[in-house]
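Following: one structure in structure tokens, then a few remarks.
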Number of protein chains: 2
Amino acid sequence: MSSLKRIDVDHLKVSCKECNLRELCFPHGMSDAELLNMDAVVDQPKPLHKNDFLYRDGDSSRAIYAVRSGCVKTMTESANGDEQIVGFHLPGELLGLDGFAEGVHTCNALALETSSVCELPLNQLENLCHVLPGLQKQMRRIMGKEVNNDHKLLLLLGKMTAEERLASFLLSLSSRMEERHWKDNEFNLSMPRQDIANYLGMAVETVSRLFATFQNEKIIDVDRRHITILDMQRLKAIVGECDTEL
Amino acid sequence: MSSLKRIDVDHLKVSCKECNLRELCFPHGMSDAELLNMDAVVDQPKPLHKNDFLYRDGDSSRAIYAVRSGCVKTMTESANGDEQIVGFHLPGELLGLDGFAEGVHTCNALALETSSVCELPLNQLENLCHVLPGLQKQMRRIMGKEVNNDHKLLLLLGKMTAEERLASFLLSLSSRMEERHWKDNEFNLSMPRQDIANYLGMAVETVSRLFATFQNEKIIDVDRRHITILDMQRLKAIVGECDTEL
DNA sequence: CGCCGATTTGACTCAGATCAAGGTTTGTGG
DNA sequence: CCACAAACCTTGATCTGAGTCAAATCGGCG
């Protein structure tokens, strides 16, 4: 690949039609004709560096975003200053719905590593929904998914033990890896232990100890940020999915 | 009021235009003309009795609902059978978004007391959104609000102590009472202690003890399900809204 | 009145937090 | 290329908020 081509990549827009994440993202279920319309309004801003904010609590809500590469975390802040991470967003996953209620974001969104996103500007979204019935429908699906995700997390925080939470977290990542046609039993964590702990409502030390326990029990292999799931069945058994075989 | 009239009440539809909850509900921000259209599609089924399900996990999603009177709780169920209550819905509040992702509900919705709801059928929603720009916008606001609510609850479950959680719960109820132009410092809980405990991720005994503590400290007065907030400032101070006067 | 579910209260226990080191990896400037 | 600092991660010891278990009390209601 020539140096010239490499420079061009920055300016090159990946069309929705050709994006390999299209089935997970805005375009899900759309016709080719509809995809062309999408391409016309979807913007692809400069990549975010690690620790760059995509948006902050209080920013006016201008768009919804899809992660194209990397990983973005969203977190809410409380009155007395502590933070709760509410989501880690992988490529193809959407964020920004938190701004829909009042037109102002109520979360911070921060890149965990170098990441790129696609933007769907809200001022165009309204018109586009009129023209593209598929998008209208997809928007509803997206929001429903967000709600369901949050509910799962509520269940996790409200009812599970630390062990179940971490197992559940690993399984969630694993199945999202599979959705993306990546290995579902071997992946890298893009977030530090501290963020996992925050997300799961526990102390860093507990995360660390549980990783050690799981490793001792040969359920997973942990090498710094690299996770290998050795015994998926046992992991599922921990969270109570009692479908061992059967 | 004659007995004849009383019978009619069952059949009488309350129009959105005349509903005193309209500013909290679907109609928020709509013109009179738009409200007439809403009325044409909003259905008002028979009231629910205590412990009736409005819908169940797995039911196909046919409508979104607005509580007109009473109180409805929604809860998710985990693989191993335990439940997490994810919301208590007061008059004017909406529910049913959990069915948007896959067209199937992922929550149970259950009346805590005799309750009535309005239904907005989904098959009409799509068309209606085309015709009524106000509804389209309102739908987005509604979903954003749901997401923000869930995020608040995540913060509560992930980061707060039991004391903070209960204080936060009481303040949330109080401000929702105010929205409805009811007393914000005196109200009845429509849910048993067990449900409060479940919602806040703690044991019933802890709820009971904390009510006793708050009562001893003259922050609230508790008489069975009847709550009187005696010292709003102190309650706010507990959750860390350090705006005590300022 | 007497039963039943909801609530409260007390005593005890424990999962997981906190506190305290120590080890490892990464990045940076000389 | 190395030294040094700053993150990040792990491990051990101790502590505690809130859960669990058990029992009494209350409030309706047939």
Side-chain angles (χ1 to χ4, degrees), chain A residues 49-51 71 73 82-85 88 110-114 156-170 188-217 220-227 238-240, chain B residues 49-51 71 73 82-85 110 112-114 156-170 188-217 220-227 238-240:
Chain A
H49 297 117
K50 184 171 172 173
N51 293 325
C71 185
K73 69 172 172 179
D82 43 24
E83 275 183 353
Q84 173 67 42
I85 295 174
F88 296 111
L110 179 69
L112 283 169
E113 51 190 300
T114 304
L156 179 146
L157 290 176
K159 297 287 169 290
M160 293 187 185
T161 65
E163 195 184 33
E164 290 166 338
R165 292 178 200 195
L166 189 62
S168 182
F169 174 67
L170 291 172
N188 284 298
L189 302 169
S190 29
M191 69 295 289
R193 300 285 190 270
Q194 183 58 66
D195 282 357
I196 298 176
N198 179 305
Y199 180 65
L200 299 176
M202 56 209 225
V204 209
E205 292 93 325
T206 306
V207 174
S208 194
R209 276 187 254 269
L210 284 171
F211 271 139
T213 309
F214 286 174
Q215 172 140 257
N216 282 336
E217 298 186 351
I220 63 175
D221 186 75
V222 186
D223 175 18
R224 194 141 174 80
R225 301 271 183 104
H226 187 83
I227 302 289
I238 289 172
V239 303
Chain B
H49 298 118
K50 184 171 174 173
N51 293 325
C71 185
K73 69 172 170 178
D82 44 26
E83 276 183 354
Q84 173 67 42
I85 295 173
L110 180 70
L112 284 168
E113 53 190 299
T114 304
L156 179 144
L157 290 175
K159 298 287 170 289
M160 294 188 184
T161 65
E163 194 184 34
E164 291 166 338
R165 292 178 201 196
L166 189 62
S168 183
F169 175 67
L170 291 172
N188 284 300
L189 302 170
S190 29
M191 69 294 290
R193 301 283 191 270
Q194 183 58 66
D195 282 358
I196 298 175
N198 180 305
Y199 180 65
L200 299 177
M202 56 209 228
V204 210
E205 292 93 326
T206 307
V207 174
S208 194
R209 277 188 253 270
L210 284 171
F211 271 138
T213 309
F214 286 174
Q215 173 141 257
N216 281 337
E217 297 186 350
I220 62 174
D221 186 75
V222 186
D223 175 18
R224 194 144 175 77
R225 300 272 183 102
H226 187 83
I227 302 290
I238 289 172
V239 303

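Each chain gets a letter, A, B and so on, in the order its sequence line appears, and its residues count up from 1. This structure is a prediction, so every number in the text was calculated from the model and none was measured. Hydrogens, waters and symmetry mates play no part in the numbers below; they use all other heavy atoms, side chains included.
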How close or far is atom [atom2] of [N] from atom [atom1] of [X], stated in whole angstroms?
| X | N | atom1 | atom2 | value |
| --- | --- | --- | --- | --- |
| B:Arg165 | D:dA18 | CZ | C1' | 10 Å |
| A:Asp223 | C:dT24 | CG | C1' | 12 Å |
| A:Asn216 | D:dT10 | CG | P | 12 Å |
| A:Gln194 | C:dA17 | CD | P | 11 Å |
| A:Asn198 | C:dG16 | CG | C1' | 16 Å |
| B:Leu200 | D:dG17 | CG | P | 19 Å |
| A:Asp195 | D:dC8 | CG | P | 9 Å |

[X], nearest nucleotide to its side chain (from [options]):
| X | options | result |
| --- | --- | --- |
| A:Met202 | D:dC9, C:dA17, C:dG16 | C:dA17 |
| B:Glu205 | D:dC9, C:dT18, D:dA22 | D:dA22 |
| B:Thr206 | C:dA6, C:dG10, D:dG19 | D:dG19 |

Checklist line | From CA spacing to verdict: side-chain contact (heavy atoms from CB on, under 4.5 Å), A:Tyr199, A:Met191 | finding: CA-CA 10 Å; A:Tyr199 180 65; A:Met191 69 295 289; over 6 Å; no

Check: Closer to the 5' end of DNA chain C via nearest nucleotide, is it A:Arg224 or A:Val204?
Finding: A:Val204

Check: If we only count heavy atoms from C-beta on, is the A:Leu156 to A:Phe169 side-chain gap below 4.5 Å?
Finding: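 A:Leu156 vs A:Phe169: side chains apart.
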
Check: Within a strict 4.5 Å, meaning less than it, do heavy atoms of the A:His226 and A:Val222 side chains meet?
Finding: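 Result no, sub-4.5 Å side-chain heavy-atom pair not found.
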
Note to self: Less than 4.0 angstrom between a side-chain N/O of B:Arg225 and OP1 or OP2 of C:dA6, yes or no?
What the structure shows: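 Indeed not, no polar side-chain atom of B:Arg225 lies that close.
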
Check: Looking across every strand, which nucleic acid part, if any, lies under 4.0 Å from A:Ala162 by heavy atom: base, sugar-phosphate, or nothing?
Finding: sugar-phosphate

Notebook entry, point to check: Which heavy-atom pair separates A:Val239 from A:Glu164 by the least distance, and what is that distance?
Noted result: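 That would be CG1-O, 3.5 Å.
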
Check: Is the base of D:dT20 touched by the side chain of B:Arg209 through a donor-acceptor pair closer than 3.5 angstrom?
Finding: yes

Item checked: Result of checking B:Ile196, B:Asn198, B:Asp195 against B:Val207 for side-chain contact (heavy atoms from CB on, under 4.5 Å) -> B:Ile196

